[in-house]
Amino acid sequence: MRIAVVLGFLFAGAYLVAVLEARLATGRLRLAAPGWAAMALLGRESVVPRQPDRLFFETAPALLLIAALLAAAVLPLAPGLFITNLATGALFVNAALAYVLVALLMAGWGPDGAYALIGGWRFLGQLIAYSMLIVMPITAVAMRAESLLTTDIVASQTGLWNILYQPLGFVLFFIAAMGVAFLPPFDLPSAEGELAGGVTSEYTGVRLAVFRLGRLVLVITLSAATVVFYLGGWLGPVLPPWAWSAVKILAVSATMLLIGHYLPRIREAHLLAWCWKLGIPLALLNIFIVGVMVLVWP
Amino acid sequence: MSPDLLTALIVGAGLFGIGLYGALSQTNLVMIMMGVELILAGALVNLVAFWRFLHPESYAGQMFVLIVMTVMAVEMAVGFGVAIARFRARGSVEMEEARELKG
Amino acid sequence: MIAGARAGTVSGLRRLTAAAMARDLHAIIVPGPEVARARGLDIESAGLQIAATPRHANVLLLVGPVPRELGDAVIVLYAQMMRPRAIFSLGASATPSPLPHADVTADLSQSGLLDGVTRLRSAFSRGAFRLGVSDFDAPALQIRIEYTCPMHPEVVQDQPGSCPKCGMNLVPREASASAEPHHGAEHATPPEYTCPMHPEIVQGEPGSCPKCGMNLVPREAGSADEHAQGHQDADMDHGDMGFMSMVEVTKDLPRSPDGLPMDWIEVPFGPFFPGLPGGLLLTLTLDGDGIAKARAQSLVGGSGALPASGMGAADFVEHLSASDPLAPICYRLLACRTLEAAAGQAPDEEILRGRIAAMERERIASHLGWLALFARQIGFGWLLRRAASLQLQFLHADIKQVMALSPALQALIKRLQRTPLLKSRTAGIGRMVPDTVLRGPVARATGVGDDARSRDKTCSTLGFTAVSRDRGDALARLHVRLDETRHSLALIKAAGAIVLPTPVDIGVISGKGEAAVETPRGEARLQLTLDNGRVIDARLDTPSTHHLDLVAPLLEQQELGDGLTTVASLDLSPWEVVQ
Amino acid sequence: MAVITLQTFFIALFGIAALWFGVVVFRTSSMMRSALALLFSQTALGAMFLAMQAEFLGVLQIMMMATEMSIMAIFMVMFMMDPGGLGEMDMTHQKRLSIAAGVIGALAVSGVALFAHWGPTATVAPAAAEQIRGLGTELLGRSMIIFETAGVTILTAMIAATAVAMPVLQRKKTS
């Protein structure tokens with residue numbers, strides 16, 4: 001029952017993200033558009049390109065979806081409303097997100113297409129840029145909560161949300177989260193104008209539908225992670241906890257999409273250079289500041 | 001002795017054997033590194049099993065696992081550094097060709 | 001009923017699916033969205049979404065008649081689309097053979113498009129599924145399997161076997177049976193040049209040896225391989241080299257400057273690539289994600305040849321105007337000016353001013369169209385939508401509308417100058433030095449103030465000054481175009497009215513004429529020979545012809561994304577390329 | 001006589017998966033498959049750690065290996081002549097010796113595992129949260145020097161590897 005509620009919540013969120021994405025792409029708000037699009041995709045042919053690595057080609061979309069769902073499994077939406085509450089929750093989110101890369105590499109390699117292949121390798125480069133900026137801010141968050149339990153992390157923000165307690169960490173994590181979900185301006189692996197869709201370029205029909213669903217769930221998962229780690233999770237006055245979670249998660253997703261809409265795609269060389277030369281020192285600084293604050297002002 | 005410990009140790013031994021085979025039989029530096037990774041993975045299993053079934057109260061066992069993971073990462077970093085350097089210099093990371101260099 | 005229906009009985013669920021497909025139309029546009037916009041079509045507001053790849057599209061939208069040279073490419077495009085798929089043709093009833101007939105045809109206008117989309121939707125909801133669907137096949141789709149060695153791409157044969165050079169098993173590869181332009185060249189051995197004293201010096205063009213300065217002598221490319229093979233055999237006999245040596249196998253492969261040769265793959269970008277103008281084919285040899293070699297060609301460029309009997313003056317104006325759908329008014333103006341120059345006539349000042357306003361309006365629209373295309377390539381969603389909608393409004397705006405639109409355009413330009421990441425995305429990319437072959441904004445971005453308008457008297461009286469920037473990179477080209485857009489607004493305001501160029505009656509004269517027009521892409525020149533009022537010879541010199549040749553050297557050693565940005569920043573029009 | 005529990009079952013299941021993927025690493029000719037097989041072998045190990053109630057280590061293993069092996073994959077593809085494995089070339093040598101060494105090694109170690117006296121087996125492991133706390137105290141207490149050394153080692157390795165891999169810079173030629 002609890003699991004069904006969480007899953008329903010995730011898919012509903014994914015649907016709303018799709019609505020917003022369609023709104024930004026076409027300029028019109030049509031609530032039914034993603035539904036029709038999904039149904040049309042399911043009815044369309046789904047072909048396997050010539051000479052694929054069939055195993056990878058078939059597993060990649062499913063793996064993307066599963067990785068996103070697994071990462072969401074440890075994120076609480078309200079007290080008691082989670083799929084599982086691991087003692088290593090914050091680390092587990094990372095572990096699950098690491099498989100997004102594996103899924104994209106498989107999707108790039110599988111179909112034996114040049115655009116897809118380049119897209120897959122590009123994401124590997126992107127991971128080298130963002131991965132430290134996911135792990136290190138989470139470390140600082142766990143330091144304040146003195147626990148890796150996601151419920152403890154939310155509880156630790158009762159007085160002051162982490163976005164105010166460690167704004168630097170929030171900014172870094174937010175940017176890195178957009179990188180994980182390959183949202184614009186970090187959509188290097190699936191760039192339309194540069195790679196004609198990149199890793200998705202050879203997927204059609206049902207497989208494409210699963211791939212897109214996985215991506216949408218990934219966006220929701222990362223928004224949920226941002227909310228749990230920095231925006232106080234379900235905490236908030238008046239509204240019931242689950243409503244606060246929903247509002248915050250949708251707001252974060254919308255912000256992510258809107259930022260990408262108003263920016264051109266970043267260059268891969270710049271992404272790597274900025275993340276390593278600027279992002280990692282800042283993340284270390286953040287850990288240091290939080291450490292001092294935790295000791296001085298417990 | 002518990003079947004759990006035995007199972008884990010045998011898996012570790014198996015990984016060690018596979019890794020040893022790989023490290024000896026492959027001609028490519030990267031493939032050899034894969035063999036080494038498997039050998040280290042065998043060591044990891046043993047360490048975790050020893051901690052869990054013999055001394056769960058002492059965290060030194062877990063600490064050793066972390067050290068081995070670090071060693072794996074170091075091995076990767078150095079291995080790839082050497083591989084790139086060799087590739088630049090010789091156009092190959094085949095070990096047979098490294099042997100040629102000696103003579 | 002649509003020709004590209006998917007096989008299946010029509011059941012309840014299928015009916016619902018078909019209804020969903022009718023609401024979810026993704027079009028792949030031939031020759032490209034930029035041509036559709038330049039013709040005044042607003043594809044997205046008509047309810048069609050523009051797909052990046054034919055795999056994700058279900059509508060093949062043909063804007064105008066398909067140029068003959070694109071026929072095969074369109075067939076391949078259609079074959080890559082997933083069923084159910086439909087062909088929607090605007091302004092032409094014939095489709096390239098053997099494509100099925102267009103399922104829906106409509107006039108080439110916005111109302112025709114809207115009407116067509118409505119009919120397309122009903123065609124989908126009624127006929128997306130049916131029984132007895134036959135496969136689509138065409139000669140252009142025939143795949144021939146050939147076998148090649150993974151390490152020696154020059155080894156190609158029809159049967160499986162092992163490589164004569166290294167003994168590896170050959171791997172199958174697909175080869176298209178349709179004659180690709182470069183296919184013949186693969187078999188001919190181009191000469192290469194080597195130094196008689198230093199055989200290791202081999203290069204593609206003549207020159208002198210870097211080691212001893214002797215002139216290089218030509219030889220056939222094959223001979224180097226034979227040399228290599230002999231060398232390898234000798235090593236094999238050596239005894240302990242009983243393995244396949246990667247050093248031996250790879251030493252003939254080209255090396256990247258960073259010393260890390262990756263697998264080189266040849267990837268075509270175009271002729272219908274989302275981030276490039278339709279009709280432009282860019283073939284990149286990629287080394288990882290770096291560009292090792294590039295080749296750019298226009299598939300739609302005309303030869304500029306006229307029929308042997310010549311052409312009437314009025315027909316010629318229409319002909320030239322239609323030759324480039326991205327800048328029809330400028331080419332119409334060019335034709336008119338040249339004819340007038342040949343006849344020695346000149347229209348009165350008011351018409352001249354009006355013509356300049358028309359040209360400047362087209363410049364604004366063209367630059368906006370370029371911005372939209374560029375935005376699509378660099379994934380800048382907001383700019384794509386904003387520039388495209390402004391372009392459509394400017395396209396046929398009269399003077400009052402232009403003035404009304406002016407604040408919106410100024411706001412767009414201001415906003416672009418403030419956009420984060422846009423500068424880092426373009427700065428330092430595709431840097432060029434001043435060169436005489438450069439024209440238009442590309443030349444002016446290198447600091448050269450050359451502009452055909454500054455030689456025009458009427459322009460000068462309207463207060464024209466040429467803009468220039470001196471960094472020579474993609475950012476400078478962007479800035480030059482933005483500045484020009486602003487200046488164009490001022491010129492239109494000063495001109496006071498917009499008059500489309502119409503040919504004056506030149507009468508039955510013979511002689512020669514020459515004129516130049518600063519098109520949005522740079523100066524285009526035309527020389528005409530008239531014989532008894534008929535145009536018998538026309539020599540056209542266009543900016544894109546020159547810029548296209550610059551692409552290959554500019555792209556080498558760039559990262560793929562940067563390389564594509566470079567190409568986009570040149571604003572090539574494949575249509576005006578003279579071959 | 002010890003009982004076969006659910007825990008034994010899962011340890012054996014993931015162990016067999018790890019072994020099987022380990023074998024695949026050297027049996028497939030596609031480099032990408034080889035690298036990802038190694039990844040899944042390591043992931044199965046991580047799952048095995050979870051089955052052995054070492055939650056932190058298991059999750060850490062699963063996380064680290066995903067990145068590590070993906071990077072391995074690109075190197076495989078870069079440095080192998082035939083990354084797709086279509087040429088079916090043999091990339092091995094001294095096969096018989098290696099198989100013998102592998103089998104003997106595995107058997108010898110298993111023999112030790114079987115016949116050594118391991119002493120009494122602990123049945124209960126600490127709870128996961130307690131483990132994380134305990135491990136943290138261990139790392140920053142008694143074993144701090146070792147841990148710090150490991151950290152410095154990996155930093156050194158990173159810098160050294162980068163230095164080795166960088167192209168030799170063209171020095172300005174003095175006439």
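Residue numbers start from 1 in every chain, and the chains themselves are labelled A, B, ... in the order their sequence lines are given, proteins ahead of strands.
For chain C, no part of A:L188 is nearby; none of its heavy atoms comes within less than 4.5 Å. Using a 4.5 Å cut-off between heavy atoms, C:R6 touches chain A through its side chain atoms alone. With a 4.5 Å cut-off on non-hydrogen atoms, A:Y203 touches chain C through its backbone but not through its side chain. In this structure, no portion of C:R85 lies under 4.5 Å from any heavy atom of chain A. Of the atoms belonging to C:L276, not a single heavy atom falls under 4.5 Å from chain A. The parts of A:L263 that come within reach of chain C are both its backbone and its side chain, each placing non-hydrogen atoms under 4.5 angstrom from that chain. In this structure, chain A has a heavy atom under 4.5 Å from the side chain of C:E559, while its backbone stays farther away. Both the backbone and the side chain of C:S424 come within contact range of chain A, with heavy atoms under 4.5 Å apart. Residue contact with chain A, scored on non-hydrogen atoms closer than 4.5 Å, is absent for C:F374. Proximity to chain A (any heavy atom under 4.5 Å) is restricted, for C:P268, to the backbone atoms N, CA, C and O. For a residue to count as touching a neighbouring chain, one of its non-hydrogen atoms must lie under 4.5 Å from one of that chain's; by this rule A:A37 touches chain C with backbone and side chain alike. Contact annotation for A:H270: only side-chain heavy atoms (C-beta onward) come within less than 4.5 Å of a heavy atom of chain C. Of the atoms belonging to A:E268, it is side-chain heavy atoms, and not backbone ones, that fall under 4.5 Å from chain C. Only the side chain of C:L564 comes within less than 4.5 Å of a heavy atom in chain A; its backbone stays farther off. Of the atoms belonging to C:R55, heavy atoms from both backbone and side chain fall under 4.5 Å from chain A.
With a 4.5 Å cut-off on side-chain heavy atoms, A:E194 and C:L560 do not count as touching. Residues C:D24 and A:L41 fail the side-chain proximity criterion, which asks for heavy atoms closer than 4.5 Å. At a threshold of 4.5 Å between non-hydrogen side-chain atoms, the residues C:H56 and A:T200 count as touching.
Each of A:P184, A:A25, A:A32 has some count of heavy-atom pairs under 4.5 Å with chain C, and the biggest count is that of A:A25. Top candidate by heavy-atom pairs under 4.5 Å with chain C, chosen from A:E192, A:R44, A:M39, is A:R44. Note on C:T565, C:N58, C:L373: by heavy-atom pairs under 4.5 Å with chain A, the leading option is C:N58. The greatest number of non-hydrogen atom pairs below 4.5 Å with chain A, out of C:A22, C:A375, C:G381, C:A51, is found for C:G381. Chosen from C:T419, C:L383, C:L16, the residue pairing most often with chain A at heavy-atom distances under 4.5 Å is C:L16. Between chain A and the options C:E44, C:R23, C:M21, heavy-atom pairs under 4.5 Å are most frequent for C:R23. In terms of non-hydrogen atom pairs under 4.5 Å with chain A, the most contact-rich of C:P54, C:A18, C:G379 is C:G379. Chosen from A:G197, A:S201, A:A114, A:G260, the residue pairing most often with chain C at heavy-atom distances under 4.5 Å is A:S201.
Pairing each heavy atom of A:P264 with each of C:P420, the nearest pair is CD-O, 3.7 Å. Contact record, C:P274 with A:G193: CB-CA, 4.4 Å, taken as the closest heavy-atom pair. The shortest non-hydrogen separation linking A:A196 to C:A52 is CB-O, 4.0 Å. Residues C:A20 and A:A40 share a closest heavy-atom pair of CB-N, 3.9 Å.
Not a single donor-acceptor pair under 3.5 Å links the side chain of A:R267 to the backbone N or O of C:D562. The closest donor-acceptor contact from the side chain of A:E45 to the backbone of C:R83 lies under 3.5 Å. Not a single donor-acceptor pair under 3.5 Å links the side chain of A:R28 to the backbone N or O of C:S45.
Taken from OG1 in C:T53 to CG in A:L195, the straight-line distance is 11.5 Å, to the nearest 0.5 Å.
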